Amino acid sequence: MRIAVATGPGGAGTLRPLAEDGTPAGPAETVPDLVAAIEARERAGRPRWVWPATARLYPALLERGVRVARCHDLELAETLLLGHAGRYGEPRSVRAAWARLHGAQVPADQAPAHEGPQPSLFDTDDPAPADDLDQIVEVHAAQQWSIAALPGFALLTAAESAGALVAAEMGHDGLPWSAEKHDALLTGLLGPRPSGGLRPRRLQDLADRINDAFGPHSHVNPDSPAQILKAFAAVGLPVASTRAHVLKKIDHPAVPLLLEYKELARLHTAHGWAWLDTWVKDGRFRPEYVVGGVVSGRWATSGGGALQIPRVLRQAVVADPGWTLVVADAAQLEPRVLAALAGDRAFADAAAHGDLYAALASAFPAGGALSARDKAKIALLSAMYGGGTGEAVQLLAVLKNRFPDAFGYVEAAARAGERGRLVRSLLGRTCPPPSADWRALTSTGDDDRASSALRSRGRFTRNFVVQATAADWALVLLATLRRRLTGLGSPRLVFFQHDEVIVHAPQELAGQVTAAIHASAQEAARLLFGGTPVVFPMEIAAVPCYADAK
DNA sequence: TTCATAGGCGCG
DNA sequence: AAAGCGCGCCTATGAA
């Protein structure tokens with residue numbers, strides 16, 4: 001059973017039961033308290049809720065303690081369907097989808113109402129227009145018809161919608177975060193918290209010593225790459241850039257000071273006290289996730305930088321007393337995905353257990369500075385990213401000879417991209433078409449810029465098929481894990497980063513959570529790849545602090 | 001003063 | 001000179 005949901009004014013709304021294919025299975029009903037009505041029907045029968053956008057509607061339910069098992073997010077589904085049709089970037093609102101169905105003028109999407117107090121959806125003074133239930137019902141039915149015709153899309157849209165539920169729940173529950181530990185870490189590395197916009201003591205000290213190293217009259221701002229370049233040129237050491245790996249190659253007393261400065265300055269500006277004040281409240285870090293924010297299907301964030309937390313700050317992620325963090329990481333996910341995708345028998349056999357790179361190592365010649373395992377890893381990464389300079393050239397040749405189907409799979413994706421064609425993940429998530437600029441550039445000449453653009457597009461599509469299918473797998477894992485955790489009661493998903501999840505759970509449930517994660521990884525592999533011999537092992541640790549994992 | 005871009009680096 | 005994929009966030013910088 002499905003139920004379509006339209007929000008109305010003042011917390012009211014309208015509901016209508018639907019069959020799986022979207023045809024109405026009963027009359028529309030207007031309810032004065034939409035959240036209460038959803039809660040009652042959720043208890044009665046766990047329907048799949050059909051609503052315009054989980055991100056706008058679900059936070060208000062969570063505020064009132066209401067969670068739902070399943071939904072169909074119309075905007076996310078519309079985005080996936082448009083993408084599959086090569087129509088990236090067209091408006092995805094229910095109104096826009098309805099207008100497309102009727103050949104009417106398609107309204108542009110409203111900019112996400114940023115900032116301001118969170119859920120304005122149920123505010124009585126909400127200026128946003130109420131949803132139109134009839135449009136919701138009609139758009140949903142059209143989507144179901146399209147989805148049924150596309151292999152993988154039923155699973156893809158269900159998983160994307162479940163991901164939206166998880167994202168809202170994680171934003172609501174938050175990642176357990178110790179402000180005390182974070183502050184102590186900052187103080188230890190940077191010195192006491194400075195007042196005003198001053199540099200912390202340790203950074204100022206390094207800045208002074210960097211200037212001393214460049215000479216008595218030096219005025220270098222270490223935050224300015226341009227000034228650093230000039231300073232090195234002035235002492236006879238011209239460098240192409242100030243990136244850490246470039247600076248490491250030159251011999252000058254300022255280099256180690258600069259490297260230390262950059263690292264600490266980054267921590268201070270991106271995840272320092274200002275970040276702590278903004279993003280951590282009541283022992284929880286509540287980021288804003290954007291489901292499907294990356295074209296490959298990975299999530300993005302729109303604030304808080306949840307997907308770029310420096311490893312050193314994992315010390316601040318601490319379970320509540322009596323609780324534990326179950327930290328789970330998919331080992332070597334992308335090469336395993338390639339193995340399963342390509343159906344390369346020899347490669348899949350290597351990916352059938354343990355350490356994939358080690359299993360491949362015997363195919364690569366011994367000798368030299370690199371171990372055979374490292375060579376296997378470089379070859380794989382080059383194949384998936386489109387690298388292949390220096391030593392990687394020979395290693396790629398080995399890969400091509402020994403594992404021709406795996407090599408051929410990403411090569412075919414690269415060639416499709418170079419021809420301007422679309423490529424898709426296993427479940428059908430589709431890459432954006434090349435831009436008009438790209439077409440103009442690559443159709444006219446065969447100069448350097450044109451061939452560079454061609455190769456760039458090839459690298460993108462080459463990587464897309466792997467990264468996006470890995471995202472498919474991770475999203476299905478997340479969806480099935482969420483279902484299992486609901487069965488366990490109190491455990492909560494609190495973090496998801498591409499191929500890694502953290503569950504916050506009472507200590508006594510750590511074993512059951514661990515089992516649930518293993519089972520979900522297996523289920524995801526089966527749902528995507530059927531009977532592939534490739535395994536998708538999870539490295540799991542139940543720890544009091546995130547930093548203790550691995 | 002505001003805005004867009006580049007350079008750099010954090011994560012996978 | 002650029003160079004292997006995908007992101008977000010910060011500062012410096014120069015144009016508007």
Side-chain angles (χ1 to χ4, degrees), chain A residues 197 199 203 207 220-230 239-247 258-259 261-272 274-275 278-279 287-314 329-335 337-338 377-393 395-396 410 413-414 417 423 425 429 431-432 448-449 451-453 455-471 473-474 495-501 546 550:
Chain A
R199 279 197 183 109
L203 283 180
V220 179
N221 176 2
D223 291 321
S224 167
Q227 292 182 28
I228 298 172
L229 289 186
K230 278 186 193 161
V239 283
S241 85
T242 66
R243 290 179 196 168
H245 72 270
V246 174
L247 292 185
L258 269 169
L259 294 175
Y261 180 90
K262 284 159 159 294
E263 192 177 332
L264 293 177
R266 162 93 196 173
L267 179 66
H268 176 240
T269 58
H271 286 96
W275 182 91
T278 305
W279 292 102
E288 296 161 18
Y289 295 100
V290 184
V291 172
V294 181
V295 290
S296 66
R298 286 180 169 189
W299 291 8
T301 53
S302 66
L307 303 181
Q308 303 129 262
I309 298 167
R311 295 181 75 96
V312 64
L313 271 189
R314 294 181 180 187
D329 185 292
Q332 305 161 335
L333 177 59
E334 292 195 352
V337 162
L338 175 57
K377 184 172 179 177
I378 288 171
L380 250 300
L381 294 178
S382 297
M384 293 189 298
Y385 290 161
T389 55
E391 185 165 14
V393 175
L395 300 177
L396 266 176
V410 283
V423 296
S425 76
R429 192 185 304 263
C431 78
D448 287 352
R449 282 178 60 228
S451 67
S452 167
R455 281 183 278 110
S456 173
R457 176 82 188 168
R459 287 193 303 275
F460 169 61
T461 52
R462 168 196 296 276
N463 183 253
F464 184 94
V465 292
V466 178
Q467 188 183 115
T469 303
W473 179 88
F495 192 59
F496 172 55
Q497 188 177 31
H498 312 315
D499 61 358
E500 182 176 3
V501 297
Y546 188 14
K550 287 189 198 173

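In what follows, every chain begins at residue 1, and chains take the letters A, B, ... in the order their sequences are listed. Treat the numbers as computed from the prediction; the structure is a model and nothing was measured.
- Of all nucleotides in DNA chain B having an atom under 4.0 Å from a heavy atom of chain A, the first and last in 5' to 3' order are dG7(B) to dG12(B).
- Expressed to the nearest 0.5 Å, how far OG1 of Thr301(A) lies from CG of Leu307(A) amounts to 5.0 Å.
- When the nucleotides dG6(C), dT13(C), dG8(C) are ranked by their closest atom to the side chain of Asn463(A), dG6(C) comes out on top.
- At a threshold of 4.0 angstrom between heavy atoms, the contacts of Ile309(A) are confined to the sugar-phosphate backbone, with no base atom among them.
- At a threshold of 4.0 angstrom between heavy atoms, the contacts of Gly304(A) are confined to the sugar-phosphate backbone, with no base atom among them.
- Toward the 5′ end of DNA chain C lies the nearest nucleotide of Ser296(A), the other residue of the pair Ser296(A) and Asp223(A) mapping further downstream.
- Within 3.5 Å, no donor on the side chain of Gln467(A) pairs with an acceptor on the base of dG6(C), nor the reverse.
- When both pairing distances are held under 3.5 Å, dT13(C) makes a Watson-Crick or G-U pair with dA4(B).
- Counting only distance, with no hydrogens or angles, the side chain of Lys550(A) and the backbone of Asp329(A) share no donor-acceptor pair below 3.5 Å.
- Using a 4.0 Å heavy-atom cutoff across all strands shown, Glu334(A) reaches no nucleic acid atom at all.
- In terms of position on DNA chain C, the residue among Arg243(A) and Gly305(A) whose nearest nucleotide sits closer to the 5' end is Arg243(A).
- The side chain of Arg459(A) has dC5(C) as its nearest neighbour among dC5(C), dG8(C), dA12(C).
- Partners of Asp499(A) under the salt bridge (charged side-chain N to carboxylate O under 4.0 Å, His left out) rule, at least two apart in sequence or in another chain, do not exist in this structure.
- Side-chain contact between Arg457(A) and Cys431(A): present, with at least one pair of heavy atoms (C-beta onward) separated by less than 4.5 Å.
- Results of the side chain to side chain contact (heavy atoms under 4.5 Å, CB included) test with Tyr385(A) over Gln467(A), Arg462(A), Glu334(A) single out Glu334(A) as the only residue that passes.
- Backbone-only engagement by Arg314(A) is indicated by non-hydrogen atom pairs under 4.0 Å involving sugar-phosphate atoms exclusively.
- Looking at Tyr289(A) and Phe496(A), their side chains never come closer than 4.5 Å, going by heavy atoms from C-beta outward.
- Note on Ala244(A): only backbone sugar-phosphate atoms sit closer than 4.0 angstrom, heavy atoms only; bases stay farther off.
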